[in-house]
Amino acid sequence: MELVVLAVVIAILFFIGKNYKTEEFKNINLKRKEIFEGDLLHHEAGLLVALMAKVAKADGKVSELEAELLKHTFNDISSHFENFEEVRTKLKNLYETEKQSFDNLIVISEKLYALTRNDYNKRLKIMEYLINLAFIDKEFSNTEKMITEDISNALKIKKEDFDRLVSTFEAFYAQQASNKATSLEKAYEILQSTPNDDAATLKKNYRNLVKKHHPDIIAGQGASQNIIDEATKKLQEINEAYEIIKKDKGL
């Protein structure tokens, strides 16, 4: 279930996004879209994207799953602002810049700590997000561990909490590996596709289903938490099915 990270990040971004802060500690009113004109590295959202860049490039590459996660993240953050496209472009540019070097990793982490020093739960959610990103390819390399540990220490995350998060993802992926994969036939059923569909059709069907069952969209329609949870579960099934089909077709 490689794309479970998407469901997790949706929940984390919702938690974080309820209370984005600038360096001046002014909350952004999510009920009224505002124009953002500041420095993204003086803003929680920009600092989060900068740390994402470090973690995503820790293993030397950015996978398709990570790219999908980045798209959701940029869209979610920028959607809070009136100048949506401008902010999204700035986030993408920031990501491209920050993935080039690890030299300022601690500085970025300490800036984020300064903005969240009074909210340990938020910092813990951010750490969960970053560790989830590191595990997206089902491996947790020594470099990824070193980088996430450095971030965790700078954010003053308790060692037992960091170890618990790592253990949770290790157990999850170990369980996934030991379980029998969803059958190919079932995967096509979930994706509402057939073995004769080409890559473009499969991708179109996948995207349509993601939009239909995206928890953010469901939540925006005023659905209850139970329905949102069901949508999250369905999204996980869709993501898993798509990955199984792509692997079988060598896509």
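In this chain, numbering begins with 1 at the start of the sequence shown.
Counting only heavy atoms from C-beta outward, the side chains of Lys71 and Arg88 approach each other to under 4.5 Å. The shortest distance between side-chain heavy atoms of Leu124 and Leu165 falls below 4.5 Å. For the pair Lys99/Met52, no side-chain contact is recorded, criterion being any heavy-atom separation below 4.5 Å from C-beta on. The closest side-chain heavy-atom distance from Leu94 to Lys90 is not below 4.5 Å. Taking the side chain as every heavy atom from C-beta outward, Ile245 and Tyr206 never approach each other to under 4.5 Å. Side-chain contact check for Leu202 versus Tyr188: some heavy-atom pair is nearer than 4.5 Å. No side-chain heavy atom of Tyr242 sits less than 4.5 Å from a side-chain heavy atom of Asn205. A 4.5 Å side-chain heavy-atom check between Met146 and Asn142 finds every atom pair outside the cut-off.
Remark: Lys211 engages no residue in a side-chain hydrogen bond (donor to acceptor under 3.5 Å, both in side chains) (not counting sequence neighbours). Partners of Lys247 under the salt bridge (charged side-chain N to carboxylate O under 4.0 Å, His left out) rule, at least two apart in sequence or in another chain, do not exist in this structure.
More than 12 heavy atoms of other residues, nucleotides or ligands sit less than 6.0 Å from atom CZ of Arg164. In this structure, Lys246 places its NZ atom where more than 12 heavy-atom neighbours from other residues, nucleotides or ligands lie under 6.0 Å away.
Taken from CG in Leu191 to CG in Asn239, the straight-line distance is 9.5 Å, to the nearest 0.5 Å. Annotation: the span from Asn118 atom CG to Arg123 atom CZ amounts to 8.5 Å, rounded to 0.5 Å. Atoms NZ and CG, on Lys158 and Asn153 in that order, are 14.5 Å from each other to the nearest 0.5 Å. Rounded to the nearest 0.5 Å, atoms CG (Leu155) and OG (Ser109) are 5.5 Å apart. Separation of atoms OG1 (Thr148) and CZ (Phe162) is listed at 3.5 Å; rounding is to 0.5 Å. To the nearest 0.5 Å, atom NZ of residue Lys203 and atom CG of residue Leu251 are 10.5 Å apart.
Contact record, Met127 with Ile157: CG-CG1, 4.3 Å, taken as the closest heavy-atom pair. Across Ala58 and Thr143, no two heavy atoms sit closer than the pair O-CG2, 3.3 Å. Between Gly46 and Leu41, the shortest heavy-atom contact is O-CD2, 4.3 Å. Minimum heavy-atom separation, Ser101 to Asp103: OG-N, 3.0 Å. Scanning all heavy atoms of the two residues, the minimum distance from Ile238 to His213 falls at CD1-CD2, 3.5 Å.
A donor-acceptor pair is defined here as one N or O able to donate and one able to accept, closer than 3.5 Å; no such pair exists between the side chain of Lys156 and the backbone of Tyr120.
Evaluated for a side chain to side chain donor-acceptor pair (under 3.5 Å) with Lys54, the options Glu98, Gln100, Glu144 yield exactly one hit, Glu98.
Side-chain contact annotation: Asp76 with Ser79, donor-acceptor N/O pair under 3.5 Å absent.
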Just do the side-chain contact (heavy atoms from CB on, under 4.5 Å) check on Phe81 and Glu86 with the steps written out, would you? CA-CA 9 Å; Phe81 302 97; Glu86 180 184 355; over 6 Å; no

Test log, rule side-chain contact (heavy atoms from CB on, under 4.5 Å), inputs Leu47 and Leu51: CA-CA 6 Å; Leu47 294 169; Leu51 292 179; 5.7 Å; no

Apply side-chain contact (heavy atoms from CB on, under 4.5 Å) to residues Phe135 and Glu170 and explain how you reach the verdict. CA-CA 8 Å; Phe135 269 95; Glu170 285 178 337; 3.5 Å; yes

List the steps, then state whether side-chain contact (heavy atoms from CB on, under 4.5 Å) holds for Lys122 with Glu44. CA-CA 11 Å; Lys122 175 179 282 190; Glu44 284 183 20; 3.0 Å; yes

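Figure legend: Lys57 and Phe102 shown without cation-pi pairing, the cationic atom not lying both under 6.0 angstrom from the six-membered ring centre and within 45 degrees of its axis.
In the hydrophobic cluster analysis, where Ile, Leu, Val, Met, Phe, Trp and Tyr join through side-chain heavy atoms closer than 4.5 angstrom, Leu112 is grouped apart from Val107. In the hydrophobic clustering of this structure, Ile106 does not group with Leu115; members are Ile, Leu, Val, Met, Phe, Trp, Tyr whose side-chain heavy atoms approach within less than 4.5 Å, directly or through other members. Phe84 and Leu91 are members of different hydrophobic clusters when ILVMFWY side chains are connected at heavy-atom separations under 4.5 Å.
Relative ring orientation between Tyr95 and Phe74 is described as perpendicular, the plane-to-plane angle rising above 60° on a 0-90° scale split at 30° and 60°.
With respect to the salt-bridge test (charged N to carboxylate O, under 4.0 angstrom), the residues Glu128 and Lys125 qualify.
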